[in-house]
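Counting from 1, the numbers follow the sequence of the chain as shown. Small disclaimer: the values here were computed from a predicted structure and weren't measured. Atoms within each ligand, like the ligands themselves, are counted from 1 in listed order.
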Amino acid sequence: MGVERICCIGAGYVGGPTCSVIAHKCPEVTVTVVDLSQSRIDAWNSPDFKLPIYEPSLKDVVMQCRGKNLFFSTDIDKGIREADLIFISVNTPTKTFGLGKGRAADLKYIEAAARRIANVAGGDKIVVEKSTVPVRAAESIQRILSANTKPGSNFQVLSNPEFLAEGSAVSDLLKPDRVLIGGEDSRYGHKAQDDLAWVYQHWVPKDKIIKTNTWSSELSKLAANAFLAQRISSINAMSAVCEATGADVAEVAHAIGTDSRIGNKFLQASLGFGGSCFQKDVLNLVYLCEALNLPEVAAYWQQVIDMNDFQRRRFANKIIGCLFNTVTDKKIAILGFAFKKDTGDTRESSAIYIAKYLMEEGARIQIYDPQVEHQQMISELSDPNISENPDRVKKLVSIFDDPYEALKGTHAFVICTEWDEFKDYDYQRIYSSMLKPAFAFDGRRLLNHNKLMEMGFHVETVGKKTVMNGMFPIAS
Ligand code: UDX
Ligand code: ADP
(Lines give C-alpha, C1' and ligand atoms only; values in the text may rest on other atoms or scores of the structure.)
(Ligands and ions follow the chains in the order given, each with its own letter.)
Protein backbone atom coordinates (compact mmCIF):
# COMPACT_ATOMS: atom_id res chain seq x y z
CA MET A 1 0.00 0.00 0.00
CA GLY A 2 1.15 3.52 -0.60
CA VAL A 3 2.39 5.94 -3.17
CA GLU A 4 6.04 6.90 -3.55
CA ARG A 5 5.96 9.57 -6.21
CA ILE A 6 3.26 12.05 -7.08
CA CYS A 7 3.22 14.31 -10.11
CA CYS A 8 0.77 17.19 -10.35
CA ILE A 9 0.08 18.68 -13.78
CA GLY A 10 -0.78 22.36 -13.27
CA ALA A 11 0.93 24.66 -10.76
CA GLY A 12 -1.99 27.03 -10.26
CA TYR A 13 -4.27 28.00 -7.38
CA VAL A 14 -5.35 24.38 -6.87
CA GLY A 15 -2.29 22.30 -7.81
CA GLY A 16 0.32 24.48 -6.07
CA PRO A 17 -1.18 24.70 -2.55
CA THR A 18 -2.62 21.15 -2.61
CA CYS A 19 0.70 19.53 -3.49
CA SER A 20 2.64 21.75 -1.10
CA VAL A 21 0.44 20.52 1.76
CA ILE A 22 0.68 16.88 0.60
CA ALA A 23 4.51 17.18 0.51
CA HIS A 24 4.46 18.78 3.95
CA LYS A 25 2.32 16.04 5.48
CA CYS A 26 3.86 13.07 3.62
CA PRO A 27 7.64 13.51 3.95
CA GLU A 28 8.31 10.05 2.50
CA VAL A 29 6.45 10.89 -0.73
CA THR A 30 8.22 12.86 -3.49
CA VAL A 31 5.90 15.44 -5.01
CA THR A 32 6.70 17.15 -8.32
CA VAL A 33 4.46 19.91 -9.62
CA VAL A 34 4.82 20.53 -13.36
CA ASP A 35 3.46 23.26 -15.59
CA LEU A 36 3.79 24.48 -19.18
CA SER A 37 4.42 27.99 -17.95
CA GLN A 38 8.13 28.62 -17.35
CA SER A 39 7.43 31.90 -15.55
CA ARG A 40 5.00 30.24 -13.13
CA ILE A 41 7.49 27.48 -12.33
CA ASP A 42 10.30 30.05 -11.96
CA ALA A 43 8.16 31.91 -9.44
CA TRP A 44 7.49 28.72 -7.44
CA ASN A 45 11.27 28.16 -7.46
CA SER A 46 12.23 31.77 -6.75
CA PRO A 47 15.11 32.06 -4.24
CA ASP A 48 13.24 34.62 -2.13
CA PHE A 49 10.00 32.57 -2.19
CA LYS A 50 8.06 35.18 -4.17
CA LEU A 51 5.43 32.61 -5.11
CA PRO A 52 3.10 33.12 -8.10
CA ILE A 53 0.03 33.12 -5.85
CA TYR A 54 -0.63 34.78 -2.52
CA GLU A 55 -2.10 32.55 0.18
CA PRO A 56 -1.63 33.01 3.92
CA SER A 57 0.93 30.46 5.31
CA LEU A 58 1.69 28.98 1.88
CA LYS A 59 5.18 30.42 1.82
CA ASP A 60 6.03 28.72 5.15
CA VAL A 61 4.86 25.34 3.86
CA VAL A 62 6.83 25.69 0.62
CA MET A 63 9.92 26.85 2.52
CA GLN A 64 9.85 23.70 4.64
CA CYS A 65 9.55 21.22 1.74
CA ARG A 66 10.94 22.72 -1.45
CA GLY A 67 14.10 20.93 -2.56
CA LYS A 68 13.47 18.11 -0.06
CA ASN A 69 10.38 16.26 -1.26
CA LEU A 70 8.64 19.08 -3.16
CA PHE A 71 9.82 20.11 -6.63
CA PHE A 72 8.52 22.47 -9.30
CA SER A 73 9.49 21.82 -12.91
CA THR A 74 8.60 22.32 -16.56
CA ASP A 75 9.83 18.83 -17.39
CA ILE A 76 6.31 17.44 -17.63
CA ASP A 77 7.27 14.15 -19.28
CA LYS A 78 9.82 13.26 -16.60
CA GLY A 79 7.31 14.10 -13.87
CA ILE A 80 4.68 11.85 -15.47
CA ARG A 81 7.11 9.01 -16.19
CA GLU A 82 8.41 8.79 -12.64
CA ALA A 83 5.07 9.10 -10.80
CA ASP A 84 2.77 6.38 -9.45
CA LEU A 85 -0.04 8.88 -9.02
CA ILE A 86 -0.73 11.87 -11.26
CA PHE A 87 -3.05 14.75 -10.34
CA ILE A 88 -4.54 16.70 -13.22
CA SER A 89 -4.96 20.25 -11.86
CA VAL A 90 -5.17 22.27 -15.04
CA ASN A 91 -7.62 25.08 -15.64
CA THR A 92 -11.12 24.39 -16.98
CA PRO A 93 -12.38 27.87 -17.95
CA THR A 94 -15.78 28.55 -19.49
CA LYS A 95 -15.69 28.17 -23.28
CA THR A 96 -15.43 31.48 -25.11
CA PHE A 97 -16.40 30.16 -28.55
CA GLY A 98 -18.10 27.24 -30.28
CA LEU A 99 -20.70 24.86 -28.92
CA GLY A 100 -21.67 25.74 -25.33
CA LYS A 101 -19.90 29.12 -25.59
CA GLY A 102 -20.22 31.12 -22.36
CA ARG A 103 -21.46 28.11 -20.36
CA ALA A 104 -19.75 24.78 -21.00
CA ALA A 105 -16.36 24.09 -19.45
CA ASP A 106 -13.47 24.10 -21.89
CA LEU A 107 -11.83 20.71 -21.49
CA LYS A 108 -8.98 21.26 -23.94
CA TYR A 109 -6.36 21.53 -21.17
CA ILE A 110 -7.64 18.37 -19.48
CA GLU A 111 -7.58 16.50 -22.77
CA ALA A 112 -4.06 17.73 -23.59
CA ALA A 113 -2.86 16.59 -20.16
CA ALA A 114 -4.53 13.17 -20.59
CA ARG A 115 -2.96 12.69 -24.03
CA ARG A 116 0.44 13.64 -22.68
CA ILE A 117 0.08 11.09 -19.88
CA ALA A 118 -0.91 8.40 -22.39
CA ASN A 119 2.05 9.25 -24.64
CA VAL A 120 4.78 9.09 -22.05
CA ALA A 121 3.57 6.92 -19.17
CA GLY A 122 4.51 3.28 -18.80
CA GLY A 123 3.49 0.79 -16.08
CA ASP A 124 0.59 1.21 -13.66
CA LYS A 125 -0.56 4.73 -12.85
CA ILE A 126 -3.40 6.29 -10.93
CA VAL A 127 -4.66 9.40 -12.69
CA VAL A 128 -6.61 11.76 -10.45
CA GLU A 129 -8.93 14.39 -11.82
CA LYS A 130 -8.59 17.32 -9.42
CA SER A 131 -9.79 20.14 -11.65
CA THR A 132 -13.53 20.77 -11.53
CA VAL A 133 -15.06 19.11 -14.57
CA PRO A 134 -18.47 18.27 -15.99
CA VAL A 135 -19.96 14.96 -14.89
CA ARG A 136 -18.50 12.01 -16.82
CA ALA A 137 -15.25 13.80 -17.71
CA ALA A 138 -13.34 11.01 -15.95
CA GLU A 139 -14.89 8.65 -18.46
CA SER A 140 -13.44 10.74 -21.31
CA ILE A 141 -10.03 10.75 -19.65
CA GLN A 142 -10.22 6.97 -19.22
CA ARG A 143 -11.13 6.54 -22.90
CA ILE A 144 -8.27 8.73 -24.09
CA LEU A 145 -5.86 6.84 -21.87
CA SER A 146 -7.17 3.38 -22.83
CA ALA A 147 -7.12 4.18 -26.55
CA ASN A 148 -3.48 5.24 -26.37
CA THR A 149 -2.09 2.91 -23.74
CA LYS A 150 1.29 1.35 -24.38
CA PRO A 151 1.60 -2.40 -23.83
CA GLY A 152 2.17 -3.07 -20.15
CA SER A 153 0.53 0.20 -18.99
CA ASN A 154 -2.58 0.41 -16.85
CA PHE A 155 -4.48 3.48 -15.76
CA GLN A 156 -7.09 3.89 -13.05
CA VAL A 157 -8.88 7.24 -13.18
CA LEU A 158 -10.20 8.76 -9.95
CA SER A 159 -12.18 11.91 -9.26
CA ASN A 160 -10.89 13.84 -6.24
CA PRO A 161 -12.38 17.34 -6.41
CA GLU A 162 -10.77 20.08 -4.39
CA PHE A 163 -12.97 22.11 -2.04
CA LEU A 164 -10.40 24.65 -0.84
CA ALA A 165 -11.38 28.30 -0.94
CA GLU A 166 -8.82 30.90 -1.94
CA GLY A 167 -7.48 33.03 0.87
CA SER A 168 -7.82 30.10 3.27
CA ALA A 169 -6.35 27.41 1.01
CA VAL A 170 -3.72 26.14 3.44
CA SER A 171 -6.02 25.90 6.45
CA ASP A 172 -8.77 24.33 4.29
CA LEU A 173 -6.27 21.73 3.06
CA LEU A 174 -4.97 21.03 6.55
CA LYS A 175 -8.46 20.69 8.05
CA PRO A 176 -10.83 19.70 5.25
CA ASP A 177 -14.53 19.13 6.01
CA ARG A 178 -14.19 16.04 3.85
CA VAL A 179 -12.05 14.50 1.14
CA LEU A 180 -14.04 13.00 -1.70
CA ILE A 181 -12.61 10.17 -3.78
CA GLY A 182 -14.70 8.80 -6.64
CA GLY A 183 -13.61 5.71 -8.49
CA GLU A 184 -14.65 2.79 -10.64
CA ASP A 185 -16.65 0.13 -8.81
CA SER A 186 -14.13 -2.66 -9.39
CA ARG A 187 -11.25 -4.32 -7.55
CA TYR A 188 -8.73 -2.05 -9.31
CA GLY A 189 -10.90 1.02 -8.78
CA HIS A 190 -11.16 0.33 -5.04
CA LYS A 191 -7.41 -0.31 -4.78
CA ALA A 192 -6.70 3.06 -6.46
CA GLN A 193 -9.16 4.79 -4.09
CA ASP A 194 -7.40 3.18 -1.13
CA ASP A 195 -3.98 4.30 -2.41
CA LEU A 196 -5.11 7.92 -2.70
CA ALA A 197 -6.88 7.71 0.66
CA TRP A 198 -3.56 6.53 2.16
CA VAL A 199 -1.99 9.85 1.11
CA TYR A 200 -4.71 11.90 2.82
CA GLN A 201 -4.78 9.68 5.90
CA HIS A 202 -1.41 11.13 6.85
CA TRP A 203 -3.39 14.03 8.34
CA VAL A 204 -7.12 13.64 7.58
CA PRO A 205 -9.22 11.42 9.91
CA LYS A 206 -10.46 8.32 8.10
CA ASP A 207 -14.13 9.14 8.70
CA LYS A 208 -13.72 12.36 6.71
CA ILE A 209 -12.61 10.50 3.60
CA ILE A 210 -15.69 9.71 1.53
CA LYS A 211 -15.48 7.14 -1.26
CA THR A 212 -18.17 7.22 -3.96
CA ASN A 213 -18.63 6.25 -7.55
CA THR A 214 -16.89 8.54 -10.04
CA TRP A 215 -19.97 10.40 -11.24
CA SER A 216 -21.27 11.13 -7.75
CA SER A 217 -17.91 12.63 -6.93
CA GLU A 218 -17.85 14.79 -10.06
CA LEU A 219 -21.43 15.97 -9.55
CA SER A 220 -20.90 16.62 -5.82
CA LYS A 221 -18.29 19.26 -6.61
CA LEU A 222 -20.65 21.08 -9.00
CA ALA A 223 -23.51 20.69 -6.53
CA ALA A 224 -21.47 22.06 -3.60
CA ASN A 225 -20.48 25.17 -5.53
CA ALA A 226 -24.01 25.61 -6.87
CA PHE A 227 -25.50 25.42 -3.34
CA LEU A 228 -22.92 27.88 -1.98
CA ALA A 229 -23.46 30.33 -4.85
CA GLN A 230 -27.22 29.95 -4.42
CA ARG A 231 -26.97 30.96 -0.75
CA ILE A 232 -25.18 34.16 -1.69
CA SER A 233 -27.70 34.95 -4.41
CA SER A 234 -30.50 34.25 -1.93
CA ILE A 235 -29.15 36.64 0.70
CA ASN A 236 -28.37 39.22 -1.99
CA ALA A 237 -31.96 38.95 -3.24
CA MET A 238 -33.07 39.62 0.35
CA SER A 239 -30.70 42.59 0.50
CA ALA A 240 -32.69 44.29 -2.25
CA VAL A 241 -35.90 43.74 -0.27
CA CYS A 242 -34.19 45.12 2.84
CA GLU A 243 -33.10 48.30 1.08
CA ALA A 244 -36.65 48.84 -0.14
CA THR A 245 -38.32 48.22 3.21
CA GLY A 246 -36.00 49.37 5.98
CA ALA A 247 -35.08 45.87 7.15
CA ASP A 248 -31.37 45.21 7.71
CA VAL A 249 -29.98 42.18 5.88
CA ALA A 250 -27.41 41.51 8.63
CA GLU A 251 -30.22 41.19 11.16
CA VAL A 252 -32.20 38.98 8.80
CA ALA A 253 -29.12 36.81 8.14
CA HIS A 254 -28.51 36.46 11.88
CA ALA A 255 -32.15 35.64 12.58
CA ILE A 256 -32.40 32.95 9.92
CA GLY A 257 -28.85 31.67 10.52
CA THR A 258 -29.69 30.64 14.09
CA ASP A 259 -32.00 27.99 12.65
CA SER A 260 -29.66 25.00 12.71
CA ARG A 261 -31.21 23.71 9.50
CA ILE A 262 -30.13 26.88 7.69
CA GLY A 263 -26.87 27.60 9.53
CA ASN A 264 -25.09 30.92 9.86
CA LYS A 265 -22.25 30.62 7.34
CA PHE A 266 -22.13 32.09 3.84
CA LEU A 267 -24.93 34.57 4.48
CA GLN A 268 -22.90 37.74 4.00
CA ALA A 269 -24.70 40.03 1.56
CA SER A 270 -22.28 41.64 -0.87
CA LEU A 271 -22.03 43.29 -4.23
CA GLY A 272 -22.06 39.81 -5.77
CA PHE A 273 -19.84 36.74 -5.69
CA GLY A 274 -16.71 36.47 -7.79
CA GLY A 275 -13.89 33.98 -8.16
CA SER A 276 -12.92 31.36 -10.65
CA CYS A 277 -15.41 28.73 -9.50
CA PHE A 278 -18.94 29.79 -8.68
CA GLN A 279 -20.00 31.33 -11.98
CA LYS A 280 -18.09 28.80 -14.04
CA ASP A 281 -19.45 25.80 -12.19
CA VAL A 282 -23.07 26.97 -12.04
CA LEU A 283 -22.97 27.70 -15.79
CA ASN A 284 -21.44 24.31 -16.32
CA LEU A 285 -24.33 22.76 -14.35
CA VAL A 286 -26.86 24.74 -16.38
CA TYR A 287 -25.29 23.49 -19.59
CA LEU A 288 -25.27 19.93 -18.30
CA CYS A 289 -28.98 20.13 -17.41
CA GLU A 290 -29.82 21.47 -20.84
CA ALA A 291 -27.83 18.70 -22.47
CA LEU A 292 -29.76 16.21 -20.31
CA ASN A 293 -33.04 17.73 -21.52
CA LEU A 294 -33.89 19.16 -18.11
CA PRO A 295 -34.72 22.78 -19.08
CA GLU A 296 -36.58 23.55 -15.83
CA VAL A 297 -33.59 22.48 -13.74
CA ALA A 298 -31.28 24.52 -15.99
CA ALA A 299 -33.50 27.61 -15.62
CA TYR A 300 -33.57 27.18 -11.84
CA TRP A 301 -29.77 27.30 -11.53
CA GLN A 302 -29.41 30.02 -14.18
CA GLN A 303 -31.30 32.32 -11.79
CA VAL A 304 -28.37 32.12 -9.35
CA ILE A 305 -26.16 33.77 -11.97
CA ASP A 306 -28.86 36.23 -13.08
CA MET A 307 -29.30 37.39 -9.48
CA ASN A 308 -25.56 37.88 -9.12
CA ASP A 309 -25.46 40.01 -12.29
CA PHE A 310 -28.46 41.97 -11.01
CA GLN A 311 -26.76 42.65 -7.68
CA ARG A 312 -23.66 44.10 -9.35
CA ARG A 313 -25.74 46.22 -11.74
CA ARG A 314 -27.98 47.38 -8.90
CA PHE A 315 -24.99 48.50 -6.81
CA ALA A 316 -23.44 50.37 -9.75
CA ASN A 317 -26.80 52.05 -10.43
CA LYS A 318 -26.98 53.08 -6.79
CA ILE A 319 -23.57 54.77 -7.09
CA ILE A 320 -24.57 56.60 -10.24
CA GLY A 321 -27.97 57.58 -8.80
CA CYS A 322 -26.48 58.95 -5.60
CA LEU A 323 -23.90 60.96 -7.50
CA PHE A 324 -26.78 63.01 -8.96
CA ASN A 325 -27.24 60.67 -11.91
CA THR A 326 -23.97 61.59 -13.54
CA VAL A 327 -20.47 60.28 -12.96
CA THR A 328 -18.92 61.54 -16.19
CA ASP A 329 -15.41 62.79 -15.44
CA LYS A 330 -15.98 62.31 -11.70
CA LYS A 331 -13.14 60.62 -9.85
CA ILE A 332 -14.28 57.53 -7.97
CA ALA A 333 -11.92 55.39 -5.88
CA ILE A 334 -12.28 51.61 -5.88
CA LEU A 335 -10.86 50.03 -2.76
CA GLY A 336 -10.12 46.37 -3.39
CA PHE A 337 -9.93 44.62 -6.71
CA ALA A 338 -9.43 40.98 -5.65
CA PHE A 339 -12.59 38.84 -5.64
CA LYS A 340 -12.26 38.40 -1.86
CA LYS A 341 -9.75 39.30 0.84
CA ASP A 342 -6.45 37.48 1.37
CA THR A 343 -5.93 36.63 -2.27
CA GLY A 344 -4.44 38.41 -5.27
CA ASP A 345 -6.84 36.59 -7.59
CA THR A 346 -9.12 38.82 -9.66
CA ARG A 347 -11.00 36.25 -11.71
CA GLU A 348 -14.69 37.28 -12.05
CA SER A 349 -14.20 39.83 -9.28
CA SER A 350 -17.24 42.08 -8.78
CA ALA A 351 -14.83 45.04 -8.77
CA ILE A 352 -14.31 44.46 -12.50
CA TYR A 353 -18.02 44.87 -13.18
CA ILE A 354 -18.44 47.89 -10.95
CA ALA A 355 -15.49 49.51 -12.78
CA LYS A 356 -16.99 48.51 -16.13
CA TYR A 357 -20.38 50.09 -15.39
CA LEU A 358 -18.75 53.27 -14.06
CA MET A 359 -16.36 53.48 -17.05
CA GLU A 360 -19.34 53.16 -19.41
CA GLU A 361 -20.63 56.37 -17.81
CA GLY A 362 -17.25 58.07 -18.28
CA ALA A 363 -16.15 58.02 -14.63
CA ARG A 364 -12.44 58.26 -13.76
CA ILE A 365 -11.53 55.26 -11.67
CA GLN A 366 -8.71 55.31 -9.10
CA ILE A 367 -7.97 51.81 -7.84
CA TYR A 368 -6.07 50.54 -4.83
CA ASP A 369 -5.65 46.89 -3.82
CA PRO A 370 -3.04 45.64 -1.35
CA GLN A 371 -2.22 42.46 -3.30
CA VAL A 372 -3.23 42.67 -6.95
CA GLU A 373 -0.51 43.59 -9.46
CA HIS A 374 -1.19 46.76 -11.47
CA GLN A 375 -0.83 44.95 -14.79
CA GLN A 376 -3.38 42.35 -13.69
CA MET A 377 -6.03 45.03 -13.08
CA ILE A 378 -5.38 46.68 -16.44
CA SER A 379 -5.52 43.36 -18.21
CA GLU A 380 -8.88 42.45 -16.57
CA LEU A 381 -10.38 45.83 -17.46
CA SER A 382 -9.03 45.73 -21.02
CA ASP A 383 -10.72 42.38 -21.73
CA PRO A 384 -13.03 42.85 -24.75
CA ASN A 385 -16.01 41.68 -22.65
CA ILE A 386 -15.37 44.52 -20.21
CA SER A 387 -14.14 47.37 -22.34
CA GLU A 388 -14.50 47.65 -26.09
CA ASN A 389 -11.58 50.03 -26.35
CA PRO A 390 -8.38 49.48 -24.32
CA ASP A 391 -7.43 53.15 -24.89
CA ARG A 392 -10.45 54.11 -22.82
CA VAL A 393 -9.09 52.04 -19.93
CA LYS A 394 -5.77 53.90 -20.22
CA LYS A 395 -7.62 57.21 -20.19
CA LEU A 396 -10.05 56.50 -17.36
CA VAL A 397 -8.19 54.18 -14.97
CA SER A 398 -5.32 55.02 -12.60
CA ILE A 399 -3.84 52.55 -10.17
CA PHE A 400 -2.23 53.52 -6.87
CA ASP A 401 0.15 51.96 -4.35
CA ASP A 402 -1.05 54.26 -1.58
CA PRO A 403 -4.75 54.19 -0.64
CA TYR A 404 -4.73 57.80 0.59
CA GLU A 405 -3.41 58.95 -2.80
CA ALA A 406 -6.11 56.89 -4.56
CA LEU A 407 -8.78 58.65 -2.48
CA LYS A 408 -7.49 62.21 -2.82
CA GLY A 409 -9.78 64.52 -4.83
CA THR A 410 -12.46 61.85 -5.41
CA HIS A 411 -16.23 62.30 -5.18
CA ALA A 412 -16.75 58.82 -3.81
CA PHE A 413 -15.10 55.59 -2.79
CA VAL A 414 -16.43 52.10 -3.27
CA ILE A 415 -15.38 49.14 -1.10
CA CYS A 416 -15.31 46.14 -3.40
CA THR A 417 -13.14 43.72 -1.38
CA GLU A 418 -13.36 43.15 2.37
CA TRP A 419 -9.62 43.63 3.10
CA ASP A 420 -9.12 44.01 6.87
CA GLU A 421 -6.80 47.00 6.44
CA PHE A 422 -9.67 49.09 5.06
CA LYS A 423 -11.25 49.07 8.51
CA ASP A 424 -8.24 50.79 10.05
CA TYR A 425 -7.83 53.73 7.68
CA ASP A 426 -8.00 57.31 8.93
CA TYR A 427 -11.38 58.20 7.44
CA GLN A 428 -11.29 61.70 8.90
CA ARG A 429 -8.14 62.36 6.85
CA ILE A 430 -9.77 60.72 3.83
CA TYR A 431 -12.91 62.85 4.24
CA SER A 432 -10.81 66.02 4.31
CA SER A 433 -9.04 65.03 1.08
CA MET A 434 -12.24 64.25 -0.88
CA LEU A 435 -14.63 66.54 -2.77
CA LYS A 436 -17.89 67.35 -0.98
CA PRO A 437 -20.39 65.89 -0.62
CA ALA A 438 -18.17 62.87 -0.04
CA PHE A 439 -19.78 59.50 -0.71
CA ALA A 440 -18.86 56.12 0.76
CA PHE A 441 -20.31 53.04 -0.97
CA ASP A 442 -19.61 49.99 1.13
CA GLY A 443 -20.22 46.94 -1.06
CA ARG A 444 -19.03 44.63 1.71
CA ARG A 445 -20.69 46.12 4.79
CA LEU A 446 -17.19 46.40 6.23
CA LEU A 447 -16.97 49.85 7.77
CA ASN A 448 -18.57 51.57 10.75
CA HIS A 449 -21.27 53.50 8.94
CA ASN A 450 -22.43 55.57 11.89
CA LYS A 451 -18.91 56.88 12.43
CA LEU A 452 -18.54 57.70 8.74
CA MET A 453 -21.86 59.56 8.78
CA GLU A 454 -20.80 61.52 11.85
CA MET A 455 -17.72 62.64 9.93
CA GLY A 456 -20.00 63.90 7.17
CA PHE A 457 -19.89 61.06 4.64
CA HIS A 458 -22.98 60.12 2.71
CA VAL A 459 -22.96 56.35 3.21
CA GLU A 460 -24.65 53.69 1.10
CA THR A 461 -24.31 49.96 1.59
CA VAL A 462 -25.88 46.64 0.67
CA GLY A 463 -29.05 45.46 2.37
CA LYS A 464 -29.64 48.47 4.56
CA LYS A 465 -31.20 51.84 3.98
CA THR A 466 -28.84 54.43 5.44
CA VAL A 467 -30.74 57.26 7.08
CA MET A 468 -29.17 60.54 6.07
CA ASN A 469 -30.29 64.07 6.81
CA GLY A 470 -32.65 63.94 3.91
CA MET A 471 -30.10 65.91 1.91
CA PHE A 472 -29.45 63.49 -0.91
CA PRO A 473 -31.67 61.25 -2.97
CA ILE A 474 -31.39 57.55 -2.23
CA ALA A 475 -31.07 55.88 -5.58
CA SER A 476 -33.59 53.27 -6.53
C1 UDX B 1 -15.30 28.52 -3.68
C2 UDX B 1 -15.76 27.44 -2.69
O3 UDX B 1 -15.98 28.04 -1.40
C4 UDX B 1 -14.73 26.34 -2.59
O5 UDX B 1 -15.23 25.29 -1.77
C6 UDX B 1 -14.45 25.79 -3.98
O7 UDX B 1 -13.43 24.80 -3.93
C8 UDX B 1 -14.02 26.91 -4.92
O9 UDX B 1 -15.01 27.94 -4.93
P10 UDX B 1 -13.59 30.57 -3.57
O11 UDX B 1 -14.22 30.98 -4.85
O12 UDX B 1 -12.10 30.49 -3.50
O13 UDX B 1 -14.13 29.12 -3.13
O14 UDX B 1 -14.05 31.56 -2.40
P15 UDX B 1 -15.37 31.73 -1.50
O16 UDX B 1 -14.94 32.01 -0.13
O17 UDX B 1 -16.32 30.63 -1.69
O18 UDX B 1 -16.00 33.09 -2.06
C19 UDX B 1 -16.52 33.20 -3.37
C20 UDX B 1 -17.16 34.56 -3.55
O21 UDX B 1 -18.35 34.68 -2.79
C22 UDX B 1 -16.27 35.73 -3.12
O23 UDX B 1 -16.39 36.78 -4.04
C24 UDX B 1 -16.83 36.10 -1.77
O25 UDX B 1 -16.58 37.44 -1.43
C26 UDX B 1 -18.32 35.86 -2.01
N27 UDX B 1 -19.08 35.62 -0.77
C28 UDX B 1 -18.80 34.55 0.02
C29 UDX B 1 -20.13 36.47 -0.45
O30 UDX B 1 -20.42 37.44 -1.16
N31 UDX B 1 -20.86 36.22 0.69
C32 UDX B 1 -20.60 35.15 1.51
O33 UDX B 1 -21.31 34.98 2.51
C34 UDX B 1 -19.52 34.30 1.15
P1 ADP C 1 -6.77 26.57 -10.99
O2 ADP C 1 -7.40 27.75 -10.28
O3 ADP C 1 -7.80 25.55 -11.43
O4 ADP C 1 -5.63 25.96 -10.25
P5 ADP C 1 -4.92 28.00 -12.70
O6 ADP C 1 -5.20 28.70 -13.99
O7 ADP C 1 -4.48 28.77 -11.51
O8 ADP C 1 -6.22 27.14 -12.39
O9 ADP C 1 -3.80 26.88 -12.95
C10 ADP C 1 -3.82 25.93 -13.96
C11 ADP C 1 -2.38 25.71 -14.44
O12 ADP C 1 -2.37 24.60 -15.34
C13 ADP C 1 -1.78 26.89 -15.21
O14 ADP C 1 -0.58 27.31 -14.56
C15 ADP C 1 -1.49 26.31 -16.62
O16 ADP C 1 -0.28 26.82 -17.19
C17 ADP C 1 -1.37 24.83 -16.33
N18 ADP C 1 -1.62 23.95 -17.48
C19 ADP C 1 -2.68 23.98 -18.33
N20 ADP C 1 -2.58 22.98 -19.24
C21 ADP C 1 -1.45 22.30 -18.94
C22 ADP C 1 -0.79 21.13 -19.50
N23 ADP C 1 -1.32 20.46 -20.53
N24 ADP C 1 0.37 20.73 -18.96
C25 ADP C 1 0.90 21.39 -17.88
N26 ADP C 1 0.34 22.47 -17.31
C27 ADP C 1 -0.82 22.92 -17.82
So which protein heavy atom does [atom] come closest to, and at what separation?
| atom | result |
| --- | --- |
| atom 7 (O) of ligand 2 | Tyr13 N, 3.1 Å |
| atom 12 (O) of ligand 2 | Gly10 CA, 3.4 Å |
| atom 1 (C) of ligand 1 | Phe278 CE2, 3.5 Å |
| atom 20 (C) of ligand 1 | Gly274 O, 3.5 Å |
| atom 19 (C) of ligand 2 | Asn91 OD1, 3.4 Å |
| atom 18 (N) of ligand 2 | Val90 CG1, 3.8 Å |
| atom 23 (O) of ligand 1 | Phe339 O, 2.8 Å |
| atom 16 (O) of ligand 2 | Asp35 OD1, 2.6 Å |
| atom 5 (P) of ligand 2 | Arg40 NH1, 3.7 Å |
| atom 18 (O) of ligand 1 | Lys340 CD, 4.1 Å |
| atom 2 (O) of ligand 2 | Arg347 NH2, 3.1 Å |
| atom 25 (O) of ligand 1 | Arg444 NH1, 2.7 Å |
| atom 25 (C) of ligand 2 | Ile9 CG2, 3.4 Å |
| atom 31 (N) of ligand 1 | Gln268 O, 2.8 Å |

Counting only N and O atoms by type, is there a donor-acceptor contact under 3.5 Å from the side chain of [X] to the main-chain atoms of [Y]?
| X | Y | result |
| --- | --- | --- |
| Trp203 | Val21 | no |
| Asp172 | Pro176 | no |
| Ser387 | Ser382 | no |

Using a 4.0 Å heavy-atom cut-off, say whether [X] meets ligand 1 through its side chain, its backbone, both or neither.
| X | answer |
| --- | --- |
| Cys277 | side chain |
| Leu267 | backbone |
| Glu162 | backbone |
| Arg347 | neither |
| Asn236 | neither |
| Gln311 | neither |

Charged tip of [X] within 45° of [Y] ring normal and under 6.0 Å:
| X | Y | answer |
| --- | --- | --- |
| Arg136 | Trp215 | yes |
| Arg312 | Tyr353 | yes |
| Arg347 | Phe339 | no |

Does the ring center of Phe278 lie less than 6.0 Å from the ring center of Phe273? yes
Taking only heavy atoms of Ser270, which atoms of ligand 1 are found under 4.0 Å from at least one of them?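 So the answer, numbered in order with elements, is 29 (C), 30 (O).
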Quick one: does ligand 2 sit under 4.0 Å from the side chain of Ile76, the backbone, both or neither, non-hydrogen atoms only?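 Side chain only; the backbone of Ile76 stays clear of ligand 2.
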Between Lys464, Lys318, Lys465, which is the residue that forms a salt bridge (Lys or Arg N to Asp or Glu O under 4.0 Å) with Glu243?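 Among the candidates, only Lys318 passes.
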Crowding at CZ, Phe49 (>12 non-hydrogen neighbours, <6.0 Å):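 Above 12, so yes.
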Gly12 heavy atoms within 4.0 Å reach ligand 2 at atoms 4 (O), 5 (P), 7 (O), 9 (O)
Identity of the nearest option to atom 21 (C) of ligand 2, non-hydrogen atoms only, from Leu36, Ile80, Val33, Asp345: Leu36
